[in-house]
Amino acid sequence: MGIIELQHVNVDFADKKRKIVHAVHDVSLTVEKGDIYGIVGFSGAGKSTLVRTINLLQKPTAGNIKVNGTDFVKDGKQVISNKNLQLERRKIGMIFQNFNLLNEITVVENVAFALKHSGLKDKEIEEKSLKLLELVDLKEKADFYPVQLSGGQQQRVAIARALANEPDILISDEATSALDPQNTQQILTLLKKLKEELNLTIVLITHEMSAVKKICDKVALMQQGKIIENGTLRDVVLHPKNSLTKSFVGGSLEVINTLESLNLTKLNDHEAIYQLIYSLANVTKSIIIDLYRQIGVETSMLYGNVELLDDEPIGTLLVLVKGDSDKQKQTVAFLTEEGVAVTRLNEKGNLYD
Ligand SMILES: Nc1ncnc2c1ncn2[C@@H]1O[C@H](COP(=O)(O)OP(=O)(O)OP(=O)(O)O)[C@@H](O)[C@H]1O
């Protein structure tokens with residue numbers, strides 16, 4: 001049994017012209033205790049709406065929702081009392097892109113605010129808030145105001161506040177999207193550390209695959225309200241099935257940026273661009289040299305990158321292969337046989353169709 005179980009969840013909205021928008025469409029998802037589960041997709045895919053159903057900030061129109069062993073919704077109807085829901089919500093912390101801190105009170109008061117209904121005495125609340133700030137390495141800023149802190153520091157305050165009621169689950173809704181790369185790394189590393197120290201389960205919504213690759217063990221890809229692919233991070237990265245997933249897992253942004261900066265003119269019939277993703281442990285030979293030797297195609301490298309997925313080095317290459325359509329077919333077959341996930345792209349970095 002998962003700590004979060006969503007079954008056939010739908011969320012429908014009526015837009016201004018009373019047209020129904022299926023923001024979440026028949027989503028079933030199980031998050032196990034201790035997972036860091038990434039939910040990725042482009043803007044408008046339905047990620048926020050989906051995770052807001054976990055604590056019923058968003059009521060679903062259909063489906064079942066069970067969290068921490070308690071049924072929240074059955075067949076689209078709320079079956080938990082509002083009073084119990086309030087208690088259950090305390091076990092689900094949330095952090096957001098814009099931090100949502102109160103600017104007129106200090107950092108420590110922001111954290112203490114979450115303990116208002118905890119039944120603790122003022123002194124205990126203060127002590128606990130300071131401990132939480134220590135946990136996120138920000139105790140020295142306790143008496144500062146949020147505006148006096150950097151974005152990354154403000155997010156750490158928000159994390160301390162989200163952990164105040166000792167939740168089992170932490171939902172991170174684009175928590176690093178407003179941060180620079182260095183702060184993003186720090187926050188992601190902190191989330192992983194907190195998960196281990198506090199035995200948390202984390203649901204991380206993001207449009208950045210790089211964030212998922214850094215800390216998640218599992219990932220689901222959303223498109224137009226549906227989960228189009230999910231599984232362990234390794235499986236989804238190395239064996240993507242859906243074509244959108246294939247372009248997403250390659251860190252499509254860097255690939256697209258590279259192609260934009262190369263400003264390639266339209267390719268001729270004998271040229272094709274491929275994104276190749278593979279585990280360096282499994283693909284030890286030089287595939288570019290082998291392509292020349294075995295298939296007789298000339299391959300130029302346009303972009304290359306190695307990332308660690310849970311300590312396993314994963315390579316991403318962007319290559320331009322010259323050869324007629326027969327040779328291109330042989331190239332794809334050879335690479336696939338070698339265990340490389342191959343995705344053909346056009347000169348703009350989008351999926352080739
Ligand atoms: N309250 C609402 N009323 C009407 N439509 C909504 C409402 N909330 C979301 N939507 C629509 O539902 C769809 C999914 O939105 P959602 O915010 O969940 O996507 P997202 O993947 O989280 O994107 P983003 O990262 O941009 O927030 C969008 O088409 C959005 O316009």
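First listed ligand is number 1; within each ligand, the first listed atom is number 1. All values below were derived from every heavy atom in this structure, side-chain atoms included, with hydrogens, water molecules and symmetry-related copies excluded.
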Practice task
Keeping the roles fixed (side chain from Gln155, backbone from Phe96), state whether a donor-acceptor pair exists under 3.5 Å.
Solution key: yes
Problem - Main-chain N/O of Leu102 paired to Asn110 side chain as donor or acceptor, under 3.5 Å - result: yes
Exercise for the section: Can you figure out which of Gly41, Gly225, Gly44 has its heavy atom closest to atom 14 (C) of ligand 1? Expected result: Gly44
Practice task
Check each of Gly46, Ser43, Ser48 against atom 27 (O) of ligand 1 and report the one with the nearest heavy atom.
Solution key: Ser48
Provide, to 0.1 Å, the distance between [atom] and the closest protein heavy atom, together with that atom's residue and name.
atom	result
atom 15 (O) of ligand 1	Thr49 OG1, 3.7 Å
atom 9 (C) of ligand 1	Phe13 CE1, 3.5 Å
atom 12 (O) of ligand 1	Ala23 CB, 3.2 Å

Practice task
Report yes or no: does a heavy atom of Glu174 sit under 4.0 Å from some atom of ligand 1?
Solution key: yes
Exercise for the section: Determine whether more than 12 heavy atoms belonging to other residues, nucleotides or ligands lie under 6.0 Å from atom NZ of Lys74. Expected result: no
Handout entry: Protein non-hydrogen atom found under 4.0 Å from atom 25 (O) of ligand 1
Key = yes
Problem - Exercise check, heavy-atom protein proximity under 4.0 Å to atom 4 (C) of ligand 1 - result: yes
Exercise for the section: Inspect the contact between Glu88 and Lys91 and indicate whether a charged nitrogen and a carboxylate oxygen are less than 4.0 angstrom apart. Expected result: yes
Practice task
May I ask you to decide whether Lys218 forms a salt bridge with Asp35, counting only side-chain N to carboxylate O separations under 4.0 Å?
Solution key: yes
Problem - Heteroatom distance test (Leu50, ligand 1): nitrogen or oxygen, under 3.5 angstrom - result: no
Problem - Side-chain H-bond candidate by donor/acceptor type, Glu312 with Ser279, under 3.5 Å - result: yes
Fill in the blank from the handout: Taking only non-hydrogen atoms of Phe42 and a 4.0 Å limit, the atoms of ligand 1 in range are 21 (O)
Exercise for the section: Under 4.0 Å from a heavy atom of Ala45: give me the atoms of ligand 1 that qualify, with their elements. Expected result: 19 (O), 20 (P), 21 (O)
Problem - Partners meeting side chain to side chain contact (heavy atoms under 4.5 Å, CB included) with Gln182 (sequence neighbours left out) - result: Asp180, Gln186
Problem - Side chains of Gln78 and Leu85 in contact at under 4.5 Å (non-hydrogen atoms) - result: yes
